[in-house]
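Owing to the predicted nature of the structure, the values given are computational and were not obtained by experimental measurement. Per chain, numbering begins at 1; letters A, B, ... match sequence-line order.
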Amino acid sequence: MDIRAQVAMVFHLDKCIGCHTCSIACKNIWTDRKGAEYMWWNNVETKPGTGYPTKWENQDIYKGGWVKDGNSISLKGTGKFKGLKNIFHNPHMPVLDDYYEPWTYKYQDLFTAPEGDDQPTARPVSLVTGEHVDVKSGPNWDDDMGGSKDYARQDVNFKDLTKAEQEAMFQLERMTFHYLPRICNHCLNPACVASCPSGALYKRGEDGVVLINQERCRAWRMCVTACPYKKSYYNWNTGKSEKCVLCYPRLESGQAPACFHSCVGRIRYLGVLLYDADKIQAVASCNEDELVDRQLDIYVNPFDPEVIYNAKKNGIADSTITAAQKSPVYKFVKEWKLALPLHPEFRTLPNLFYVPALLPGMASVADGVYNTTSKSLWGGIESNRLPMKYLASLFSAGNVNKVSDVLKRLMAVRLHRRGVTVGDLKKEEISEAMNEVSMNADTADAIFRLTTLATFDERFVIPPAHREESIEMLENTADFKGSTGFGFKERPARGL
Amino acid sequence: MPKLKLLPTIADRLSKKIGILTIASIIGIGTVNAQDGEAIFKQSCGMCHSVGKGRVVGPDLKGVTTKRKEEWLHKFIKASQSFIKEGDPDAKAIYDEYQVIMPDQNLSQDEIKSILTFIANKSDEKPAENVEAPKAIPLTAALIMKGRKYFEGSEPFVNGGTACISCHNLDYDNIIPGGMLAKDLTKAHSRLGGDDGIKGILNAPPFPAMTSAYKNNPLTEEEITSLTGFLMLVDKDKVHRHAKDSSGLLFGGFIGLCIIITLIMIIWNNKKRKMVKQHIYDRQRDTI
């Protein structure tokens, strides 16, 4: 047992309103620099849709992630031999137009244009070339071009759906969409780290944040190809690759990352998960149908004395173990089994989990008549507006049972709370739904509470960074203490 | 230069040669005697020209002093190339006939004069009859093989001169490509006037770079003979060779290029060829 700590995340998709506040918070802090304008370390996608970069989920195009190779796994697009072959010309990388060409507007023209018959306009100019551009695409064109056949119908996750099922999804009365906010998954088995020829990427020991060392990065851009989530970006100005840093400077000072902190819908949860690193290889190379279960197995119970013993043996601080015990992520993922990883079939063991959207059908069409009332208050999950196969393609490598289990649980909580607050449902109906997923009222209330009323401290349980330990490794703490505090930015003329 | 040492202050103020020569002639020291003409001729002209012994590399100079004006001769000797370019018809005719550039001679006015005096005197002499030719080393096959070794540098020159191949190229059996600093010597034997021309040049090289290269380590008689023999062999054999190699290189290069391109296309066959949104843009453009 090799117990390690990982700062993991849960996004509750039922609560996401697609406002992009997270993306803007991230952009303002990290990526409004030259060369980084096109990067969105946090982006919100509209699903069904093609995403950002376009069709990133289609690894036949981008060759990201791992593939099963006998009893083990190998990188799909990079690695030792393939990496060497393509080291000077990486043929599967997204080009700038696969993201979009970043632009701004010449606002000054509105003020400085000479007097004329027409209103002056602010024309778009490229942030890359400075030339006028016709805007053809943006970071969330799916939203702007909602439902169009160019975007929504090109969603890669329709691959398991029949033509008829796809058509049914796009009938007016069934048409639906939900949002999918994405950041770096800070995976347990990161393909980006494995692919880097310079060894510039690493996974931090204390909290599992995956980072790119800007001094070692040599711009081979293998990580751009290798990351199946396309969350490693190349900065054309600095000549280095960059990625989401999970706002580690904020984490170290006890604050939630900017995108978590700013989330309007409070969909984001962050906390520590303890996992057994010995199992990583076996889990990452198991069969596709067991991937989700095996991955969820790797996270261990932080209350188990044996786990605590082994964690302490590995140098994990008591405060981190306590944080793991309070972790909202542990509750969502392990206790309540409500959250699933995004695209586990990429085999990177992502640490960002999603509570899938429960979108019950609210209307039906009979003989061309559109009925807004169904028999029960909400239709069953079988009439979910997003087909199970579609959700399964997103969250469980095609395993429909895993997704429908989660939706049944969500529905049970909803029915239970309806019974508590309104009381217009039959008792049997509620208890039947509860029994089916073996959930008791207390659990349902706890889920309800963490979903709706949770405070900052309940949503974000951030382990103390224990900076003193890292300082101790380098120097004497007493010396350090004596040398900090009051100082000068400029050397004074006298003294010192 | 003793002249400079005698009058350093004046010499400093006056510009270069003309000034110096003027002063030198006024003072009357350091003039070049006609007797020196023979020595200078041997050193600077003898390898390409003869007086009364027929054409070598350049024309026989017998009677040239009466044929041309003195001013003309001075100009040609000092800078034949620019003189030809100036468009003098006689100079051009000579170049057209011999097709060899005569190197510019770094000689003073007086030195040239002494040479011309020497040529004029020599032209008047009656050719001595039955003069025995100097005893030449007989050319043997072994000597020719040695010539090849000298050329390649596998056999060093006795006086430590640089091997020919460092500056010259020779298009011959199995000889590695030589330097590109000086002329290709494949056709040198016929181009430079046969044995006498080559020997003359090797005895006292007229080309500035070659002059300085062999100034302190001249070639021996044996070396010259063997090199001349070898160059003759190369030149002769060249007649039987066909220019297959250059076209072979072109053809081989083209085939090689095709193979490399094919390999690239096979190895990187499954690359991402176009941007993912291309079909979207295409469709949108077509619907406008």
Side-chain angles (χ1 to χ4, degrees), chain A residues 38 49-64 67 76-78 81-101 133-142 144-156 221 224-226 230, chain B residues 152-153 163 165-184 186 243-288:
Chain A
Y38 82 96
T50 48
Y52 158 88
T54 306
K55 296 188 184 169
W56 62 270
E57 291 155 294
N58 189 343
Q59 303 310 339
D60 290 339
I61 299 173
Y62 292 113
K63 314 277 181 199
V67 284
K76 191 176 172 85
T78 58
F81 175 70
K82 289 177 210 157
L84 188 64
K85 189 179 97 179
N86 299 328
I87 198 151
F88 294 115
H89 170 64
N90 194 340
H92 309 298
M93 255 188 329
V95 295
L96 187 65
D97 278 325
D98 291 335
Y99 300 96
Y100 73 109
E101 185 161 359
V133 287
D134 289 325
V135 175
K136 286 196 282 190
S137 177
N140 191 19
W141 222 236
D142 293 314
D144 303 331
M145 299 279 122
S148 80
K149 62 173 112 168
D150 286 333
Y151 292 94
R153 293 196 186 204
Q154 301 289 333
D155 191 316
V156 178
R221 287 174 264 180
V224 178
T225 292
K230 289 290 162 281
Chain B
E152 289 180 308
I165 200 165
S166 13
C167 297
H168 293 283
N169 184 43
L170 202 56
D171 189 5
Y172 192 62
D173 281 346
N174 301 330
I175 287 188
I176 57 161
M180 306 283 277
L181 294 168
K183 283 212 136 191
D184 186 298
T186 316
K244 61 167 168 54
D245 41 358
S246 60
S247 66
L249 185 70
L250 194 70
F251 187 67
F254 180 72
I255 297 288
L257 184 72
C258 290
I259 291 171
I260 289 171
I261 289 176
T262 317
L263 267 178
I264 288 174
M265 281 164 72
I266 292 168
I267 294 173
W268 284 282
N269 180 43
N270 67 342
K271 66 175 182 178
K272 182 166 164 290
R273 283 167 201 282
K274 54 181 183 183
M275 93 172 117
V276 175
K277 277 181 269 208
Q278 191 62 53
H279 69 279
I280 298 177
Y281 293 161
D282 289 347
R283 193 196 67 77
Q284 289 174 349
R285 188 195 57 222
D286 294 346
T287 50
I288 290 170

Participant: Decide whether a cation-pi geometry holds between A:K230 and A:Y52; the criteria are a distance under 6.0 Å from NZ or CZ to the six-membered ring centre and an angle within 45° of the ring axis.
Facilitator: no

Participant: Can you say whether A:T50 sits under 4.5 Å from chain B via the side chain, the backbone, both, or neither, judging by heavy atoms?
Facilitator: neither

Participant: Measure distances from A:N90 to the heavy atoms of chain B and classify the residue's part below 4.5 Å as side chain, backbone, both or neither.
Facilitator: neither

Participant: Checking heavy atoms, do the side chain of A:K85, its backbone, both or neither come under 4.5 Å from chain B?
Facilitator: both

Participant: Which one, A:L96, A:D60, A:D97, A:N58, leads in non-hydrogen pairs under 4.5 Å with chain B?
Facilitator: A:D97

Participant: More than 12 foreign heavy atoms under 6.0 Å from CG of B:N270: is that the case here?
Facilitator: yes

Participant: With no hydrogens and no angle check, just 3.5 Å: does a side-chain donor-acceptor pair link A:T225 and A:K63?
Facilitator: no

Participant: Under a 3.5 Å cutoff, is there a donor and acceptor pairing between the side chains of B:Q278 and B:D282?
Facilitator: yes

